[in-house]
Amino acid sequence: MNMKKLANALIPDGDLLSPEEYEEIYPPRNLPKGVEVTRLAPSPTGFIHLGNLYSALADERVAHTTGGVFYLRIEDTDEKRKVDGAVESVIRSLKYFGIRFDEGAEINSSLNNYGPYYQRQREKIYKSFVKKLLEEGLAYPCFCTAEELDAVRASQTKSKETTGYYGKYAKCRNLTEEEIYDNIKAGKPYVIRLKSQGSIDNKITFRDAIKGDITVTENDQDVVILKSDGIPTYHFAHAIDDHFMRTTLVIRGEEWLSSLPIHLELHKVLGFNPPKYAHTSSLMKMDGDTKRKLSKRKDPELSLDYYRQAGYYPQAVVKYLMTVLNSNFEEWTLKNPDGDYKDFKFKIDKMGKSGALFDLEKLNDVSKTEISKLSAEECYAFLKGWVDEFGSEVDKSHFKEDGYLLKILTLIIGIGGKKRRKDIERAEQGVRLFDYFFDDTFDPDYSYRFDKATVNMVLDKFAAVYDTGDDNSEWFAKVKAIAPEVGFASEMSEYKSHPENFKGSVSDVAEILRIAITGSPNSPDLCTIMRILGKSRTVARLLKGKI
RNA sequence: GGCCCUGUGGUCAAGCGGUUAAGACGGAGCCCUCUCAAGGCUCAAUCCCGGGUUCGAUUCCCGGCAGGGUCACCA
């Protein structure tokens, strides 16, 4: 059979460049040893999720801690899954979490020497290599219809054989020259398949950067490399693109592990050195009593918008992910509480081999300690940003009173105290902490633990003596002074040694005041709250709190 | 079902043949204290099971079991 003629018939020459020319156009990047080139290669299906962020973070960290390059490639080979604006959305989402690309699709960079970065625009490159394989007899056209393939698969399943297009099932492998040309002439649609040289009797061991040595059987499937629309499949595009974009380390989900033999064979047949691979275990979630992969449909927490809407501090999400990605990161954080996570030495081989359960409680903890490191101004800006986008009209009106709000915030986050408070976990919950400072959101629950006479007496007496000018100790002295008048102990020690002699203690006096002022038995420093509220509002609330 | 990956407290996990089996989140308690938060201290809780190898296995080997992944002209 004249392969050259066949290759020409299948892939008309047009203006294809030769494989050698592509090697020249995309020369190896001139980088020192140890420097890694990584990439994020999403399909433009719309939104990017937590799993993408997780893997993007690993890619970005590896590239940037080694002084390498992190680029964005768009895998748009599946027309059906394309969504408009998806690429911008990917870039925007990652940027929100502080992750930037050095190169790639829609990235403005002088480094963009390895494009185009959209696979649909790389058709000629792929075809040049498909043609080469055709000429070498390492690929062939297949005219089987979907129905035929389904039927074969059904019978294979029934007889418990391995499914797929291989060996004796690879019908079109043996088509005569005449049959092929007849089919082409008849206008039958066709795909190009790899003529696999592998055998399942051969084992190959390769080293995964995360999982270590993995032994797999060679690929013997005549996989499709070029679809009937002339666009390559993922497998083929991966081999070509990661070779010519000179990726050194491919980090991807472990769901790809099983197609690794295909990729290895493709690289071999194409004459490429395969990149290093790191297969990451995916984020899991507890469903009933079994673990399962986080799912786009069922789990809202997979969407990155979920975190924006809930008002998580973006860096907290990143740091949480870092703790999952590299277990020694947390230890490092403890030693370097104020350190930038980018100074941490990220190691790909420190990544967990098994899928981690996504732990929302831990995220919450990371988030509140992250927020507790912010200055009052930074925290204010963060909360205001959230309110502007997701807050109610009432929230927005509160945020117009900058000075007042900043005072409250200083109290809530505990600036000035020995240690910062960690009350704000995320913006959505944090802004609610301001509610009792504004009359329109003050929603008290007057559940006093004492009788009416006692409560009202405490409230009246304190309203009569309160003065905004009091400092903390003067204020507390006044609270103490009321205690004996209502039969309470003014010293805690007194109360503790003889509780039977008293109806309550100073702390109970404070509780009554606190409920009247804030509407709840718990709050930060009451004295400061009253001062922020001001005398008239304080007194009004004390009197309003009477029952 | 075939093939591949994984298996240390409730969760994330250190560990690489001999350890009182780290640490963090969560839980319980105590201290501090005008309450809460924060902080400090303390406690409870783990090596999937069975065989080997070895003086000795959480660690190495084999076999189970369990969980996950994958078997497309989707990526």
Side-chain angles (χ1 to χ4, degrees), chain A residues 41-43 45 75-78 80-81 119 142 144-146 149-150 153 156-157 160-165 189-193 200 208 210-212 214-217 221 223-229 231-235 237-238 252-261 279 281-282 284 286 290-293 320 323-324 327-331 333-334 350 352-366 368-369 372 412-414 417-424 433 472 475-476 479-480 492 505-511 513-515 518 520-527:
Chain A
S43 52
T45 53
E75 312 227 316
D76 55 355
T77 53
D78 186 9
K80 297 186 286 291
R81 293 171 49 160
Q119 290 183 327
C142 167
C144 291
T145 62
L149 295 174
D150 286 343
R153 190 178 310 119
Q156 286 168 332
T157 308
K160 292 187 175 156
E161 281 173 285
T162 304
T163 57
Y165 208 81
Y190 60 87
V191 300
I192 306 294
R193 288 184 183 271
I200 49 163
D208 183 271
I210 294 170
K211 310 231 180 215
I214 294 175
T215 303
V216 290
T217 53
Q221 297 269 346
V223 292
V224 172
I225 55 178
L226 203 64
K227 299 186 276 189
S228 55
D229 60 358
I231 298 298
T233 55
Y234 169 86
H235 308 299
H238 151 59
R252 42 142 73 151
E254 65 183 342
E255 67 271 19
W256 290 109
L257 209 44
S258 55
S259 42
L260 195 96
H279 290 93
S281 36
S282 39
M284 312 290 276
M286 217 56 197
T290 55
K291 272 192 195 180
R292 59 146 229 266
K293 201 173 155 183
Y320 167 69
T323 68
V324 180
S327 54
N328 53 331
F329 174 72
E330 210 172 349
E331 207 174 309
T333 315
L334 259 21
K350 276 282 181 189
K353 288 188 210 290
S354 54
L357 224 42
F358 179 73
D359 188 348
L360 200 64
E361 279 184 307
K362 186 113 179 182
L363 203 215
N364 288 341
D365 180 69
V366 174
K368 66 185 180 190
T369 83
S372 78
I412 291 179
I413 62 184
K418 284 196 196 78
K419 290 277 183 184
R420 289 278 293 264
R421 298 179 64 92
K422 294 186 179 176
D423 291 0
I424 304 179
L433 265 21
N472 226 291
W475 177 89
F476 192 45
V479 176
K480 273 185 176 176
M492 280 310 287
S505 70
V506 253
S507 89
D508 298 314
V509 176
E511 181 184 292
L513 297 175
R514 178 171 276 114
I515 291 175
T518 70
S520 143
N522 303 321
S523 82
D525 181 56
L526 228 204
C527 173

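Residue numbers begin at 1 in each chain, while the letters A, B, ... track the order of the sequences. As the structure is a prediction and not an experimental result, all values here were calculated from the model.
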Give me the distance, rounded to whole Å, that separates [N] from [M] when you measure between the [atom1] atoms they each carry.
| N | M | atom1 | result |
| --- | --- | --- | --- |
| B:C5 | B:C41 | P | 44 Å |
| B:G50 | B:A57 | P | 13 Å |
| B:G63 | B:U20 | C1' | 33 Å |
| B:C73 | B:A14 | P | 39 Å |
| B:C43 | B:A22 | P | 12 Å |
| B:C4 | B:G64 | P | 13 Å |
| B:A44 | B:G52 | C1' | 35 Å |
| B:G39 | B:U58 | P | 37 Å |

Remember a base hit wins even if backbone is also touched, and classify [X] as base, sugar-phosphate or nothing at under 4.0 Å, heavy atoms.
| X | value |
| --- | --- |
| A:Arg421 | base |
| A:Ser507 | sugar-phosphate |
| A:Val191 | base |
| A:Thr333 | nothing |
| A:Thr77 | sugar-phosphate |
| A:Arg252 | nothing |
| A:Glu511 | nothing |
| A:Thr163 | sugar-phosphate |

To the nearest Å, give me how far apart [atom1] ([X]) and [atom2] ([N]) are.
| X | N | atom1 | atom2 | result |
| --- | --- | --- | --- | --- |
| A:Tyr320 | B:A13 | OH | C1' | 12 Å |
| A:Glu331 | B:A22 | CD | C1' | 8 Å |
| A:Ile231 | B:C74 | CD1 | P | 11 Å |
| A:Leu526 | B:U35 | CG | P | 11 Å |
| A:Asn328 | B:G23 | CG | P | 16 Å |
| A:Asp359 | B:A24 | CG | C1' | 10 Å |
| A:Glu361 | B:U11 | CD | C1' | 9 Å |
| A:Asp508 | B:U33 | CG | P | 17 Å |

Using Watson-Crick or G-U wobble geometry with both distances under 3.5 Å, which nucleotide pairs with [N]?
| N | result |
| --- | --- |
| B:U19 | none |
| B:U53 | none |
| B:U59 | none |
| B:U11 | B:A24 |
| B:A38 | none |
| B:G2 | B:U70 |

Of the options [options], whose atoms approach the side-chain atoms of [X] most closely?
| X | options | result |
| --- | --- | --- |
| A:Ser258 | B:G68, B:G69, B:C12 | B:G69 |
| A:Leu257 | B:C4, B:C73, B:A75 | B:C4 |
| A:Arg193 | B:G69, B:C73, B:G68 | B:C73 |
| A:Glu330 | B:C73, B:A24, B:G26 | B:A24 |
| A:Asn472 | B:A75, B:C34, B:A13 | B:C34 |
| A:Asn522 | B:U35, B:C4, B:G69 | B:U35 |

Looking only at N and O atoms, is any donor in the side chain of [X] or the base of [N] less than 3.5 Å from an acceptor on the other one?
| X | N | value |
| --- | --- | --- |
| A:Ser228 | B:C73 | yes |
| A:Lys419 | B:A37 | no |
| A:Arg514 | B:C34 | yes |

Inset, instruction - Could you say whether A:Asp525 or A:Ser259 is positioned toward the 5' end of RNA chain B, judged by the nucleotide with the nearest heavy atom to each? - result: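 Here A:Asp525 is the residue nearer the 5' end.
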Legend entry - Earlier contact from the 5' end, RNA chain B, for A:Ile214 and A:Lys227: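 Of the two residues, A:Ile214 wins.
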Drop me the distance from [X]'s [atom1] to [Y]'s [atom2], to the nearest 0.5 angstrom.
| X | Y | atom1 | atom2 | answer |
| --- | --- | --- | --- | --- |
| A:His238 | A:Ser259 | NE2 | OG | 8.5 Å |
| A:Arg420 | A:Thr369 | CZ | OG1 | 11.0 Å |
| A:Leu149 | A:Thr163 | CG | OG1 | 11.5 Å |
| A:Asp508 | A:Arg514 | CG | CZ | 11.5 Å |

Find out whether [X] and [Y] are in side-chain contact, i.e. whether some heavy atom of one side chain is under 4.5 Å from a heavy atom of the other.
| X | Y | answer |
| --- | --- | --- |
| A:Asp365 | A:Tyr320 | no |
| A:Leu526 | A:Trp475 | yes |
| A:Lys362 | A:Val324 | no |

Output yes when at least one side-chain N/O atom of [X] is less than 4.0 Å from OP1 or OP2 of [N], else no.
| X | N | result |
| --- | --- | --- |
| A:Lys422 | B:G39 | yes |
| A:Ser327 | B:A14 | yes |
| A:Lys160 | B:C3 | no |

Inset, instruction - Can you see which heavy atom on A:Asp423 is nearest to which on A:Pro524, and at what distance? - result: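 A:Asp423 and A:Pro524 have their closest heavy atoms at OD2-CG, 4.4 Å.
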Legend entry - Pair A:Ile210-A:His279, side-chain contact (heavy atoms from CB on, under 4.5 Å): steps then yes or no: CA-CA 6 Å; A:Ile210 294 170; A:His279 290 93; 5.8 Å; no
